[in-house]
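Data block below; observations after.
We name chains A, B, ... by the order of the sequence lines, and we start the count at 1 in each one.
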Amino acid sequence: MTIYALYIYDRHCECIYYHDWHQTRKLQPPRDGGQRKNVARYEDVHPVGEVEVKQQGEGRAQTTVAGLPFDEQAKPEEQFIAYRTSTYKFHLYTTPTNLSFIMLSDPLADSLRGVLRQIYAGPFVQCVVRNPLVDWENGEEGERSGVDNDAKGKMSIPSSDGRAASRRAQSFERACGIRGSVAEIKALGVKRDDGGNRLCLVKRDNDGGQTAEPFGAVRVLVRVTPSKP
Amino acid sequence: MTVYGVWVINKAGGLIFQRNYGAGIAQLSSNEYLVMAGTLHGVHAITSRIAPVPKSSGVQIIEAESFKMTIHMTLTGIKFVLISSVDMANAESILQKIYEAYADAVMKNPFYTLEMPINASGFDVRMNAIVAAAGP
């Protein structure tokens with residue numbers, strides 16, 4: 001069985017994640033503004049052991065057409081779950097929150113909806129939904145970003161300013177199971193410590209000093225590029 | 001193993017034949033069927049263009065929770081669409097029989113104009129027989 005690609009679309013029908021394998025055909029790059037930033041593309045994430053793809057990976061990305069009308073009211077039981085052509089099969093799993101997981105495979109594959117559900121329930125919920133550093137839901141159209149926070153130089157985190165940082169830190173604390181009072185997490189940020197990729201939670205004490213508390217026990221699955229001052 | 005309906009779509013995407021089989025199937029208006037046929041025509045073209053490998057055909061089977069759509073496109077670009085229950089096993093061979101009936105009862109009819117809606121009673125009779133043989 002061959003898997004060709006995985007797409008994840010959010011409830012606005014925008015692509016928030018894309019990855020391909022075994023593709024021999026070069027896809028057209030998206031038009032300007034047609035793709036969110038931080039959507040994984042071939043240049044950013046290298047598939048495992050795919051030399052042939054590597055040679056022609058430049059400009060590989062899927063095309064997203066913004067503003068396509070789509071019936072968000074479509075009843076789940078009336079949706080299609082797969083289609084097949086002579087060379088590939090398209091599998092669709094839609095979550096109750098209207099996220100769409102799409103996988104392309106060879107035409108002889110059995111239904112992959114179970115696999116797509118596993119991807120949703122496992123890695124997606126674990127590493128994206130519970131990851132406060134991936135902000136794929138909020139923002140206006142055109143400003144929302146994808147879920148690939150490995151994309152180099154594209155992700156920035158406000159270090160210690162404003163409500164956004166506070167909100168992020170709060171959800172980060174929730175996700176990590178850390179309890180803090182509202183006074184403590186006022187104007188918080190998240191920063192990378194000197195050692196590399198380990199994250200610290202920056203706390204501002206009531207007397208104005210700052211402390212950085214590393215998440216020693218918490219496995220953090222993201223790499224962070226701090227925003228430039 | 002139930003056939004719910006059959007469409008024939010000409011090479012321009014126009015619906016030239018549409019019948020529902022089986023009792024209790026919700027009817028759409030004829031205009032809605034025309035829109036659906038045109039949409040399927042477009043989807044067929046899109047699915048061959050977005051293929052991850054070169055030289056893909058258009059969509060051949062669409063599966064949903066409650067029905068299955070099997071699409072057979074002839075070399076001349078006419079699409080035969082069979083809407084059936086999910087467990088329909090021999091949908092391709094049924095479409096092949098429908099194509100034969102089309103060749104016999106429509107193409108050999110001297111009063112039929114190409115690309116126009118099919119109003120041949122002989123074709124209807126052959127279709128009823130094929131669908132009846134396909135299952136309840």
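The shortest side-chain heavy-atom distance between A:Ile81 and B:Glu65 falls under the 4.5 Å cut-off. Residues A:Tyr83 and B:Thr47 have side chains in contact (heavy-atom distance under 4.5 Å, counting atoms from C-beta outward).
A:Ser86 and B:Gln60 get closest at one heavy-atom pair: N-OE1, 3.6 Å.
With values rounded to the nearest 0.5 angstrom, A:His91 atom NE2 is found 9.0 Å from B:Glu63 atom CD. Note that CD1 of B:Ile61 and CZ of A:Phe80 are 13.5 Å apart. Values are rounded to the nearest 0.5 Å.
Open room surrounds CG on A:Asp110; 12 or fewer heavy atoms of other groups in view lie less than 6.0 Å from it.
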Full working for side-chain contact (heavy atoms from CB on, under 4.5 Å) between B:Ile50 and A:Tyr88:
CA-CA 10 Å; B:Ile50 63 171; A:Tyr88 72 100; 3.4 Å; yes
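Side-chain atoms of A:Thr85 and B:Ser56 include a donor-acceptor pair closer than 3.5 Å.
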